[in-house]
Amino acid sequence: MSNREIPYKIYLEEQEMPEKWYNVRADMKKKPAPLLNPGTLKPMTYEDLRPVFCDELIRQELDDTTPYIDIPQEIRDFYKMYRPSPLVRAYCLEKKLDTPARIYYKFEGNNTSGSHKLNSAIAQAFYAKKQGLKGVTTETGAGQWGTALSMACSYFDLDCRVYMVKVSYEQKPFRREVMRTYGASVTPSPSETTEVGKKILAAHPGTTGSLGCAISEAVEVATHTQGYRYVLGSVLNQVLLHQSVIGLETKTAMDKYGIQPDIIIGCAGGGSNLGGLISPFMGEKLKGAADYRFIAVEPASCPSLTRGKYAYDFCDTGMVCPLAKMYTLGSGFIPSANHAGGLRYHGMSSVLSELYDQGLMEARSVGQTAVFEAAEQFARVEGILPAPESSHAIRVAIDEALRCKETGEEKTILFGLTGTGYFDMVAYEKFHNGEMTDYIPDDADLKAGFDGIPKFPGNLI
Ligand SMILES: *Cc1c(COP(=O)(O)O)cnc(C)c1O
């Protein structure tokens, strides 16, 4: 099919939306390592996880063998309010770059949370409600996950308690108010409302917090409050599973027009959007049915994949969560201020970590100023004001398209545009005023983080 016949936007019909999520773990020969109980160093069982997570979500978390899992009708009905999301051919960007490459992006910013996070929030809220819970607790960094979960909880009439990284709580009052509009309570973290929060505050007075701290607080509240469970917006297997809706829709849309991507790019914080986008394509690669290049893009200030260690580590700063085997900078690593708040996590999904370790996926880290240059270039021709997180993927998509210009190759590039940046205008302002910093941790900074990784036989020793 010639280029001309491909529309700017490929929309799917409602009935073309997936009825099942795809679980890429089922097709991995070597599975991601299981979560470990930090006390016994034995794999976490369903029973071990029950005080923390909702029952059905634990089943999904531990299921490494079922390739397709039904999306309940209630969740599909909610998805219909903002999905299918468009797959856009970036004709205008291609023209501006004067590249022979064909660029596509899957846009997940068409909902109030401004990101892909609603895809998993609604699933997690549904299972919490189905179990008869009163409410859920969670952390949020930049605020997109907290917003998505607030929306999902208000829809199912669940209480929602959000621990928000203090620096974001103060810098992004509007995000906070969106969450409160949906009925959530929002507490700046670390706080005096939990034991772990008090401990962190005593050890680091004046800290502006981190995702790792906020997770510890939210878990403590969930496990100490009757009828509550903790939910997480990224990193976990279940979240990647829910986010596979992104990749499945993309694949259906591309197949309709006979488009085969050569390179698939996504930003990686905890790995959920990237994992969701690449899942069906990775499944084909794992089965030898097709080949693709996958590139994870992370901030140079928080380089889990490109400079981290592949080891068992705590998912949170307070060390109350299970151990996960992943590329990590150490649970005590607090990344320098970076405007891509959603990418400031010390670890990475175990699924993506394992795929990366097996050489099935590449990773690249990019500096903040270069990311905002790409964001602005994209905004000026494609009309969408991208989130700083998403702009990491834009940066590498542009770099790859420019490489095609040099070599004359007509590659097809697909990237995930995870969200919009309306709440990130302070970051854009800094960029415009030339006040943006490009802090990159040195080896000594990283060593301090690595020193905190738990040492036991088989782990880093
Ligand atoms: C949270 C977020 C990310 C990063 O999270 P992942 O789990 O790695 O996908 C990326 N983009 C946006 C807009 C986000 O809100």
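Atoms within each ligand, like the ligands themselves, are counted from 1 in listed order.
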Quiz item: Which of the numbered atoms in ligand 1 are below 4.0 angstrom from a heavy atom of Ser115?
Solution: 13 (C), 15 (O)
Quiz prompt | atom 15 (O) of ligand 1: nearest protein contact (heavy atom, Å) | solution = Lys117 NZ, 2.6 Å
Quiz item: Do any nitrogen or oxygen atoms of Gly114 come within less than 3.5 Å of a nitrogen or oxygen of ligand 1?
Solution: no
Quiz item: What residue and atom, counting heavy atoms only, is the protein's closest point to atom 8 (O) of ligand 1, and at what distance?
Solution: Gly269 N, 2.7 Å
Quiz item: Identify the closest protein heavy atom to atom 11 (N) of ligand 1: which residue and atom is it, and at what distance?
Solution: Thr418 OG1, 2.7 Å
Quiz item: For atom 4 (C) of ligand 1, which protein heavy atom lies nearest, and how many Å away is it?
Solution: Gly342 O, 3.5 Å
Quiz item: Given the rule in the side chain to side chain donor-acceptor pair (under 3.5 Å) test, do Asn273 and Glu389 qualify, once you have shown the distances and angles that lead to the verdict?
Solution: CA-CA 11 Å; Asn273 87 82; Glu389 292 88 350; over 6 Å; no
Quiz item: Under 3.5 Å, N or O to N or O, is Gly270 touching ligand 1 that way?
Solution: yes
Quiz prompt | Among Leu414, Asp399, Val396, Leu274, side chain to side chain contact (heavy atoms under 4.5 Å, CB included) partner for Ile265 | solution = Val396
Quiz item: Which bit of Leu343 is near ligand 1, meaning a heavy atom under 4.0 Å away: side chain, backbone, both or neither?
Solution: side chain
Quiz prompt | Residue and atom name of the nearest protein heavy atom (relative to atom 7 (O) of ligand 1), distance in Å to one decimal | solution = Ser234 OG, 2.5 Å
Quiz item: Are any of the side-chain nitrogens in Glu19 or Arg76 under 4.0 Å away from the carboxylate oxygens of its partner?
Solution: yes
Quiz item: What do you reckon, does Gln243 put a non-hydrogen atom under 4.0 Å from ligand 1?
Solution: no
Quiz prompt | Heavy atoms of other groups near Lys130 NZ, more than 12 under 6.0 Å | solution = no
Exercise. Can you label the angle between the Phe294 ring and the Tyr292 ring as parallel, tilted or perpendicular, going by 30° and 60°?
Key: tilted
Exercise. List in chain and number order the residues that pass salt bridge (Lys or Arg N to Asp or Glu O under 4.0 Å) with Glu94, two or more places apart in sequence or in another chain; answer none if no residue qualifies.
Key: Arg89
Quiz item: For ligand 1, which atoms, with element, lie under 4.0 Å from some heavy atom of Ala268?
Solution: 8 (O)
Quiz item: Side chain, backbone, both or neither: which part of Ser272 comes within less than 4.0 Å of ligand 1 when only heavy atoms are counted?
Solution: both
Quiz item: Looking at Phe156, does the NZ or CZ of Lys129 lie under 6.0 angstrom from its six-membered ring centre and within 45 degrees of the ring axis?
Solution: no
Quiz item: Which of parallel (below 30°), tilted (30 to 60°) and perpendicular (above 60°) describes Phe378 and Phe415?
Solution: perpendicular
